[in-house]
Amino acid sequence: MKKRLQGILQETFKSLGISFSGVDIELPKEESHGDLATPVAMSLSKTLKKPPRKIAEEIIHSISEKDTFEKIEIAGPGFINFTFSKAYLYSEMKALMRDGLVFLRSDIGKGKRVQVEFVSANPTGPLHLGHGRGAAVGNALSNLLKAGGYKVEKEFYVNDAGRQVRLLGMSVFAKYKQLSGMDYPFPEDGYRGDYVEELAKELKIAYEEQFLKMEFDEVAETFIDSSYKKMLALIKKDLEDFGVYFDSWQSERGLYEEDEVQQAIKDLKERGYIYEKEGATWFTSTSFGDDKDRVIIKKDGEYTYFAPDIAYHRKKIEKKFDELIDIWGADHHGYIPRIQAVIQALGYPKESLRVLLVQIVSLLRGGKPVQMSKRAGEFVTLKEVVEEVGADTTKFIFLTRRPDSHLEFDLEVAKAQSAENPVFYVQYANARINSIFAHAKEQGIDVDKLKNTDLSLLNTHEELRIIKKLLAYPMVFEGAVIAHEPHRITFYLQELAGIFHPYYHKYKVVTADMNLTLARLALCEAIRIVLKDGFEILGLSAPERM
RNA sequence: GCGCCUGUAGCUCAGUUGGAUAGAGCAACUGCCUUCUAAGCAGUAGGCCAGAGGUUCGAAUCCUCUCAGGCGCGCCA
C-alpha cells in the first residue's frame, strides 16, 4: 500500500521536476482523512515559495495512475489524503493471502547480523520480575528483527566468575554447616533466600558430612560450581517456561580460560589507553567522554568486574556483527559511557553498540508495593508471577509499554483483569476465527477454495475497514523493525481485534449465500494470517479455543 | 551536587521520531446472549499533555529553565 503510493509520488515529482527524496507517508488517525496521507506539500512550501495547498493541487494534477485511488483530497493546511479504490484493495488482499509473510514483512535487515544480549542475570538466585521484562522485550525484539530480515543471535552472558558466585558458594557452605548444627557465621552480604538452604541440603545429601571439618577455601570449587550451575539450570528452565530461548551462553570464566581478559587489556595497552597509578591499572575512559577513568586491575592484583566486561565486549565486536544490542536494567545506565569508551578505544564507532535500557518494574499487590529485600532473600520470582498470572499475560503487560517507561506491575490487577485482559481480547479474536472455520466445515463448505473467492463481495464499511487495517500491517511492521520497537505490534494487534469483534457481532460469516460466505471466510483467513504473525513476533501463544 | 529515565483521562499506558479535532484498556453508568464462543458488542462520561518561556506553516513530541517521582554516580558486582 505504502510502496505503491511512494512509487506513484516519486514519479509525479519527477514529472514536476521537483527533487524530493523520502516522501513522508503516514497512516492518518482519522478515517475521514483517507487511507494514507502525506504532508509533503507543506514541507515543500518554503523551498518552492508557494502556498502548500497550491503545491498539493499541482501534485494531484500530475498523478497519472488515478485508477489506484477512489479519491485524492487536499485537506487542512495542505495534507494530501489518498483513498484507495476498492479494486486496488481487493487485489492487495489477494496478494496478502497468496504471499503471506512475504507480503506482510519486509526485508529491512538484508541479512545483516545482529546480536542481542539480554537477561544475563547472575546465577546466584532465581529470576525476578525485572529479568522477566528484559526477557520478554529481548525475545520479542529478536523475533521482530529476525522477521525483518536480520540474522539474529540471542546471547546470555553468564557471570560465573568473581565475587558473586563465590559469595553464593560461601552462603551455601555456611548453611551446610549450620544444617549439621554447627555454629558457623553466615557471610556478611551472603544470599539468604530459601534456595540457598535447598542447595545446602542437596550437597549434604550428596557429600554427607565429609566437608564439615574443612574451611571454605578447601572446598570452594565444589560449593561454588555446583551451586551456580544449579541456579543457572533453574534460570534456564524458568526462561523456557516463559517461552524464551537463547542461542548462545557466553561464560565469564571462559573469557579468563581462553585468555580473553588478558588479551583485551594487552590490546588496550598497545593502543595506549592503559596506565598505572597508585598501584592499580586504569583504563582512560575519559578520552571517550566518560566522567572518570576506570580501574581494571586493583591494587591487590585482582581484576575488577569491568575487566571481563571489556573482554566480553571486545569478543562480541570482533565477531563482526553488523549491530550489537545490549539490553540492561536501567539501574546500570551509568555503565554505558565506559562500555562505549571501550568500543571506541578498540577502534569502532560508538554506534556499534546499542544499549537498550529496560526500566525498573515495581511490583504491587492490590495497589500496595510488595516488599522485596534481596538481602533477606524475600522477593517474588518471575516463576511465581508466571504461575500466578500466566506467561502470555505477563509478556503482554511488558510488551504494551515502551521499555523505558517505569512500570507498575500489579498482581491483583493482572489477575483480576484476566477476564477482560487485553491479551485475551486479542487471542479471543483468533479463537473466534478458528471457531468460525470449524463451523463452516461442519456446514460442508470447502474451506480450501478461498483463494479464488470473489472478494468484491466484501463491501460493507466494516469489511473495507478491516481490509485497510490488514494492508497497513506492513507499514507498522516496518516501522517497528526500524525503530526496534516490538510494542508497536502489540498495539496494532489490539486495534485489529478491536475492529474484528464488532464486525463479528454485526455480521454473520457463514450464511446461506455461498459466495458471500466464502468471501467473508477469506477475510477471516487474512485476519488470522496477520494475527498469527503478530503473536509469533511477540512470543505469545495463539490458542485455537478459549 | 552531577548524570540518565519518567511526568498524557480517576487508575495503567499508547501517541507512527514535528502533523489535522490527543487515543486505548481498566474502573463508573445504560442497554444486548433462542444466533459462527458474552474472554464479546452498542452507548454515556471522563483532558490546562506537570508548569513557564522559546524554535515554525504546525509542538504531547525539539531547545532552555522550574517543579515532582525513580535510578545511577566505588580499586563493589
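Computed over heavy atoms, backbone and side chain alike; hydrogens, waters and symmetry mates excluded. Just so you know, these numbers come straight off a predicted model, no measurement behind them.
- Between A:Tyr191 and B:A77 there is no side-chain polar atom (N or O) within less than 4.0 angstrom of OP1 or OP2.
- Using modelled atom types, one finds a donor on one side chain and an acceptor on the other under 3.5 Å when comparing A:Glu252 with A:Asn159.
- Rounded to an integer number of Å, the gap from CG of A:Leu27 to C1' of B:U17 is 15 Å.
- For A:His505, no side-chain nitrogen or oxygen approaches OP1 or OP2 of B:C36 to under 4.0 Å.
- Under the 3.5 Å distance criterion, with hydrogens and angles disregarded, a donor-acceptor pair is assigned to the side chains of A:Tyr503 and A:Glu463.
- Pairs engaging residues 274-292 of chain A under the salt bridge (Lys or Arg N to Asp or Glu O under 4.0 Å) rule: A:Asp290-A:Arg294 [sequence neighbours left out].
- Residue A:Asp291 is classed as having no contact, given no heavy-atom separation below 4.0 Å to the nucleic acid.
- In this structure, the nucleotide among B:C13, B:C36, B:G72 sitting nearest to the side chain of A:Asp331 is B:G72.
- Proximity of residues 495-504 of chain A to RNA chain B (heavy atom under 4.0 angstrom from any strand atom) is restricted to A:His501, A:Pro502, A:Tyr504.
- Listed candidates were B:C75, B:A14, B:C76. Nearest to the side chain of A:Arg163 is B:C76.
- Nucleotide B:C41 forms a pair with B:G31, judged by Watson-Crick or G-U wobble geometry with both contacts under 3.5 Å.
- The side chain of A:Leu357 approaches B:C4 more closely than any other nucleotide in the set B:C4, B:A38, B:A39.
- For B:U64 and B:G47, the P atoms lie 32 Å apart once the distance is rounded to whole Å.
- Pairing partner, B:C62: B:G54, with both Watson-Crick or wobble hydrogen-bond distances short of 3.5 Å.
- Of the candidates B:U16, B:U6, B:A39, B:A39 carries the atom nearest the A:Phe424 side chain, counting heavy atoms from C-beta on.
- Applying the Watson-Crick and G-U wobble criteria (two distances, each under 3.5 Å), B:A24 pairs with B:U12.
- At whole-Å resolution of the value, NZ in A:Lys508 and P in B:U34 are 14 Å apart.
- Side-chain polar atoms of A:Lys316 and A:Gln250 form no donor-acceptor pair below 3.5 angstrom.
- Taking the 5.5 Å centre cut-off and the 30° plane limit, the aromatic side chain of A:Phe491 is not classed as stacked on B:A24.
- In this structure, A:Ser45 reaches neither bases nor backbone, as no heavy-atom distance under 4.0 Å exists between it and the strands shown.
- Between the side chains of A:Tyr191 and A:Gln164, at least one donor N or O lies within less than 3.5 Å of an accepting N or O.
- Within the shown strands, B:C67 is the pairing partner of B:G7 under the Watson-Crick or G-U definition, both distances less than 3.5 Å.
- As judged by a 4.0 angstrom heavy-atom cut-off over every strand, A:Ala431 is placed among the base-contacting residues.
- Of the C1' atoms belonging to B:G72 and B:G15, the separation is 29 Å, rounded to the nearest Å.
- Along RNA chain B, the nucleotide closest to A:Gly76 and the one closest to A:Gly279 are compared, and the more 5′ of them pairs with A:Gly76.
- The nearest whole Å value for the distance from the NE2 atom in A:His131 to the P atom in B:A77 is 17 Å.
- Which of B:A20, B:C36, B:G15 sits closest to the side chain of A:Val510 comes down to B:C36.
- As judged by a 4.0 angstrom heavy-atom cut-off over every strand, A:Arg545 is placed among the base-contacting residues.
- Distance from the side chain of A:Lys299 is smallest for B:C75 among the nucleotides B:C36, B:G40, B:C75.
- Here A:Lys29 lies in heavy-atom contact (under 4.0 Å) with a base.
- Nucleotide B:C73 is shown with an anti base, its glycosidic torsion being more than 90° from 0.
- Cation-pi geometry between A:Arg253 and A:Tyr228 is not satisfied (NZ or CZ under 6.0 Å from the ring centre, within 45° of the ring normal).
- Here the straight-line distance linking atom CD1 of A:Ile343 with atom CD1 of A:Ile310 works out to 10.5 Å at 0.5 Å rounding.
- Here the P atom of nucleotide B:A77 and the CG atom of A:Leu168 are 16 Å apart, to the nearest Å.
- Spacing between atom CD1 of A:Ile489 and atom P of B:A14 amounts to 16 Å, rounded to whole angstrom units.
- Each of A:Ile482 and A:Ile80 lies near RNA chain B, and the nucleotide nearest A:Ile482 is the one positioned closer to the 5' end.
- Using a 4.0 Å heavy-atom cutoff across all strands shown, A:Ala37 reaches at least one base atom of the nucleic acid.
- We find the OH-OG distance between A:Tyr335 and A:Ser285 to be 13.0 Å, quoted to the nearest 0.5 Å.
- Nucleotide B:G72: paired with B:C2 (Watson-Crick or G-U wobble, both distances less than 3.5 Å).
- Close to B:A14, at under 4.0 Å from its OP1 or OP2, lies a side-chain N or O of A:Ser405.
- Atom P of B:G25 sits at a distance of 15 Å from the matching atom of B:A45, rounded to the whole Å.
- With distances taken from any side-chain atom of A:Lys292 to the nucleotides B:A38, B:G74, B:A77, the minimum falls on B:G74.
- Protein atom NZ of A:Lys46 is 8 Å distant from nucleotide atom C1' of B:C57, rounded to whole Å.
- Straight-line distance from the CZ atom of A:Arg402 to the P atom of B:U12: 15 Å, rounded to whole Å.
- In this structure, of B:C5, B:C76, B:C36, it is B:C5 that holds the atom nearest to the side chain of A:Gln359.
- Taking 3.5 Å as the limit, the base of B:G69 and the side chain of A:His406 contain a donor-acceptor pair of atoms between them.
- In this structure a side-chain-to-backbone donor-acceptor pair under 3.5 Å is present from A:Arg53 to A:Gly76.
- In the set B:G19, B:A20, B:A77, B:A20 carries the atom at the smallest distance from any side-chain atom of A:Pro28.
- Counting atom types as modelled, A:Asn421 pairs no side-chain N or O with a base atom of B:A39 as donor and acceptor under 3.5 Å.
- Here the P atom of nucleotide B:C4 and the CG atom of A:Asp290 are 13 Å apart, to the nearest Å.
- Across all strands shown, A:Gln494 has no heavy atoms under 4.0 Å from either base or sugar-phosphate atoms.
- Stacking of the aromatic ring of A:His333 onto the base of B:G72 is not found under the criterion of centres within 5.5 Å and planes under 30°.
- Across all strands, A:Phe477 comes closer than 4.0 Å to no nucleic acid atom at all (heavy-atom distances).
- Counting any heavy atom pair closer than 4.0 Å across all strands shown, A:Ala480 reaches no nucleic acid atom.
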Please report the C-alpha distance between A:Thr47 and A:Leu44 in whole Å, then the side-chain angles of each, then the deciding distance to 0.1 Å, and finally whether the side chain to side chain contact (heavy atoms under 4.5 Å, CB included) criterion is met. CA-CA 6 Å; A:Thr47 42; A:Leu44 280 173; 4.0 Å; yes
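- Nucleic acid contact for A:Phe79: base, since at least one base atom lies under 4.0 Å from a heavy atom of the residue.
- In this structure, the nucleotide among B:A14, B:G25, B:U16 sitting nearest to the side chain of A:Pro422 is B:G25.
- Looking at heavy-atom distances under 4.0 Å, A:Ile336 makes no contact with the nucleic acid at all.
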